[in-house]
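So the structure is just underneath, and the comments pick up after that.
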Amino acid sequence: MPIISKITRQKNNPERYNIFIDEVYAFAVDESLIVKYQLSKGKDLEDWERDEIVFDDEVRKAFNKSLHYLSFRMRSEYEVKKKLLDAEYGEAVVLEAIQKLHSLGFLNDESFSKALLETQKKTGKKGPRAIQQELKKKGIDKKLQKEVLDTYTEEDQTQIAQALAEKIANQQSSKTPRQVKQKIQDTLLRKGYSYDIISKAIAEIEFETEQEEWEEMIAKQGDKIWTKVSSKFTGYDRKNRVKQALYQKGFPSDQIDMFIEKKEFEEDGD
């Protein structure tokens with residue numbers, strides 16, 4: 001029967017020990033396993049006992065690696081499992097380590113999902129669809145996804161979406177109402193809000209534009225369009241293309257006509 005002939009402490013890691021069987025290095029274990037399995041020089045060690053000790057040691061290493069990984073932020077079970085498998089731990093070792101993490105409260109997909117929801121709401125200002133994609137990416141079960149997202153009320157969604165819409169409107173003050181509405185819609189869709197919530201958010205914003213504001217906006221945007229179109233077209237074609245471009249941006253017809261007349265007058269005066 002194999003006998004432990006020597007146990008030595010590792011130089012680079014004093015908490016781990018090298019086990020020699022019949023004067024030949026056999027394996028290394030954590031200090032706690034020396035105590036748990038009462039390993040000592042002269043102890044008989046059958047093959048199945050050795051396999052059990054090595055497996056237990058692998059689980060401990062996987063568990064400690066998981067704790068380090070979790071120390072930076074909360075993780076889902078899927079993330080931890082993938083991390084350990086990528087580190088080339090065996091499937092049985094990974095499942096055992098994860099079970100231990102669950103039992104000690106270090107891993108809980110429900111708590112993780114609720115925390116992710118709150119973070120995405122408060123920090124990312126995201127809607128349900130975007131958050132659901134995040135939960136899916138983290139390997140969260142569909143049923144749990146729904147349970148967590150059901151707590152994201154329509155009132156909360158509307159409030160957050162409206163605040164975002166107002167922020168965008170303030171930042172886009174030099175744009176036409178149509179351009180601002182389009183910017184709001186594109187942003188909120190990308191953030192994961194439904195068309196119904198987006199419509200409610202936009203409805204709460206006043207888009208009244210004074211005459212002077214129209215003139216300032218069309219002068220700024222129109223000059224660029226005029227210059228660009230003038231490099232390729234003249235006469236009726238130029239006038240028609242400038243009209244079309246400005247109309248698409250949401251400028252009223254009377255403002256467009258006045259702008260074009262002004263540009264043509266300036267050219268005639270040159």
Side-chain angles (χ1 to χ4, degrees), residues 59-172 180-205:
V59 171
R60 284 175 179 270
K61 286 193 289 185
F63 176 78
N64 290 334
K65 187 175 186 65
S66 300
L67 287 183
H68 178 71
Y69 186 49
L70 289 165
S71 67
F72 298 99
R73 65 169 176 81
M74 291 181 73
R75 313 273 183 178
S76 67
E77 179 179 323
Y78 170 82
E79 288 181 288
V80 174
K81 184 176 181 180
K82 184 177 185 303
K83 182 73 172 178
L84 294 178
L85 290 174
D86 288 346
E88 299 186 350
Y89 286 100
E91 181 80 20
V93 169
V94 171
L95 294 177
E96 193 71 25
I98 285 177
Q99 180 59 40
K100 188 174 180 181
L101 289 166
H102 274 299
S103 65
L104 294 174
F106 292 116
L107 207 56
N108 185 307
D109 274 0
E110 183 177 356
S111 298
F112 169 82
S113 299
K114 289 178 179 178
L116 186 144
L117 171 68
E118 291 304 314
T119 299
Q120 295 294 341
K121 279 170 55 179
K122 295 176 181 177
T123 306
K125 309 297 182 185
K126 291 184 179 180
R129 292 175 182 174
I131 297 174
Q132 184 176 29
Q133 286 301 311
E134 285 292 320
L135 291 170
K136 183 179 178 182
K137 192 190 303 182
K138 303 298 184 184
I140 302 303
D141 177 75
K142 285 185 178 180
K143 183 180 178 182
L144 181 54
Q145 288 179 32
K146 185 179 184 307
E147 289 176 1
V148 171
L149 288 170
D150 282 347
T151 66
Y152 195 177
T153 65
E154 187 174 310
E155 183 181 353
D156 285 345
Q157 293 174 45
T158 303
Q159 186 177 2
I160 295 172
Q162 188 177 326
L164 265 174
E166 290 173 352
K167 182 179 180 181
I168 293 168
N170 291 331
Q171 293 173 338
Q172 303 289 318
V180 176
K181 288 178 183 179
Q182 189 62 53
K183 178 69 174 178
I184 291 172
Q185 179 174 298
D186 290 346
T187 301
L188 293 181
L189 276 174
R190 191 172 64 252
K191 288 279 188 179
Y193 292 96
S194 67
Y195 281 103
D196 184 50
I197 295 295
I198 294 171
S199 297
K200 289 180 180 179
I202 291 176
E204 294 297 320
I205 299 176

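Numbers for residues simply follow the sequence, beginning at 1.
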* For Lys114, all residues meeting salt bridge (Lys or Arg N to Asp or Glu O under 4.0 Å), sequence neighbours excluded -> Glu110

* Measuring from Lys181:NZ to Ile198:CD1, what's the distance to the nearest 0.5 Å? -> 14.0 Å

* Got a second to check how far Gln182's CD is from Ile168's CD1, nearest 0.5 Å? -> 11.5 Å

* Working for side chain to side chain contact (heavy atoms under 4.5 Å, CB included), residues Val80 and Val94 -> CA-CA 9 Å; Val80 174; Val94 171; over 6 Å; no

* To do: Among Leu144, Ile131, Leu149, Asp141, find the residue that satisfies the side-chain contact (heavy atoms from CB on, under 4.5 Å) test when tested with Ser113.
  => Leu144

* Roughly how far, to the nearest 0.5 Å, is CZ of Phe72 from CG of Leu70? -> 10.5 Å

* Lys100, NZ: over 12 other non-hydrogen atoms inside 6.0 angstrom -> yes

* Asked: Side-chain contact, heavy-atom cut-off 4.5 Å: Ile160 with Tyr193?
  -> yes

* Hey, are the side chains of Lys200 and Gln157 touching, using non-hydrogen atoms and a 4.5 Å cut-off? -> no

* Which pair of non-hydrogen atoms, one from Ser66 and one from Leu84, has the smallest distance, and what is that distance? -> OG-CD1, 3.4 Å

* Which heavy atom of Ser76 sits nearest a heavy atom of Ile140, and at what distance? -> CB-CD1, 3.9 Å

* Hey, is NZ on Lys65 packed in by over 12 heavy atoms from elsewhere, all under 6.0 Å? -> no

* Structure fact -> One should read off an interatomic distance between Ile202 CD1 and Gln185 CD, to the nearest 0.5 angstrom, of 6.0 Å

* List in chain and number order the residues that pass salt bridge (Lys or Arg N to Asp or Glu O under 4.0 Å) with Asp156, two or more places apart in sequence or in another chain; answer none if no residue qualifies. => Lys121

* Does Tyr78 OH have over 12 foreign heavy atoms under 6.0 Å away? -> no

* **Side-chain heavy-atom pair Arg75, Lys83 within 4.5 angstrom cut-off** => no

* Out of curiosity, Glu204 CD to Gln162 CD, how far, rounded to the nearest 0.5 Å? -> 4.5 Å

* Given side chains that start at C-beta, do those of Ile205 and Val180 come closer than 4.5 Å, heavy atoms only? -> no

* **All side chain to side chain donor-acceptor pair (under 3.5 Å) counterparts of Lys191, not counting sequence neighbours** => none

* **Those residues that, when tested against Asn170, pass side chain to side chain donor-acceptor pair (under 3.5 Å) (two or more places apart)** => none

* Taking the side chain as every heavy atom from C-beta outward, state whether Ile197 and Leu188 have any atom pair closer than 4.5 Å. => no

* Any pair counted as side-chain hydrogen bond (donor to acceptor under 3.5 Å, both in side chains), so long as it reaches residues 84-97, sequence neighbours left out -> Lys81-Glu91, Lys82-Asp86

* Asked: If we only count heavy atoms from C-beta on, is the Leu117 to Thr151 side-chain gap below 4.5 Å?
  -> yes

* Which atom pair, heavy atoms only, marks the closest approach of Leu189 to Tyr195? -> CD1-OH, 3.6 Å

* Structure fact -> Residues passing the salt bridge (Lys or Arg N to Asp or Glu O under 4.0 Å) test with Glu79, sequence neighbours excluded, are Arg73, Lys138

* To do: Run through Lys137, Lys146, Gln145 and flag the one making a side-chain contact (heavy atoms from CB on, under 4.5 Å) with Gln132.
  => Gln145

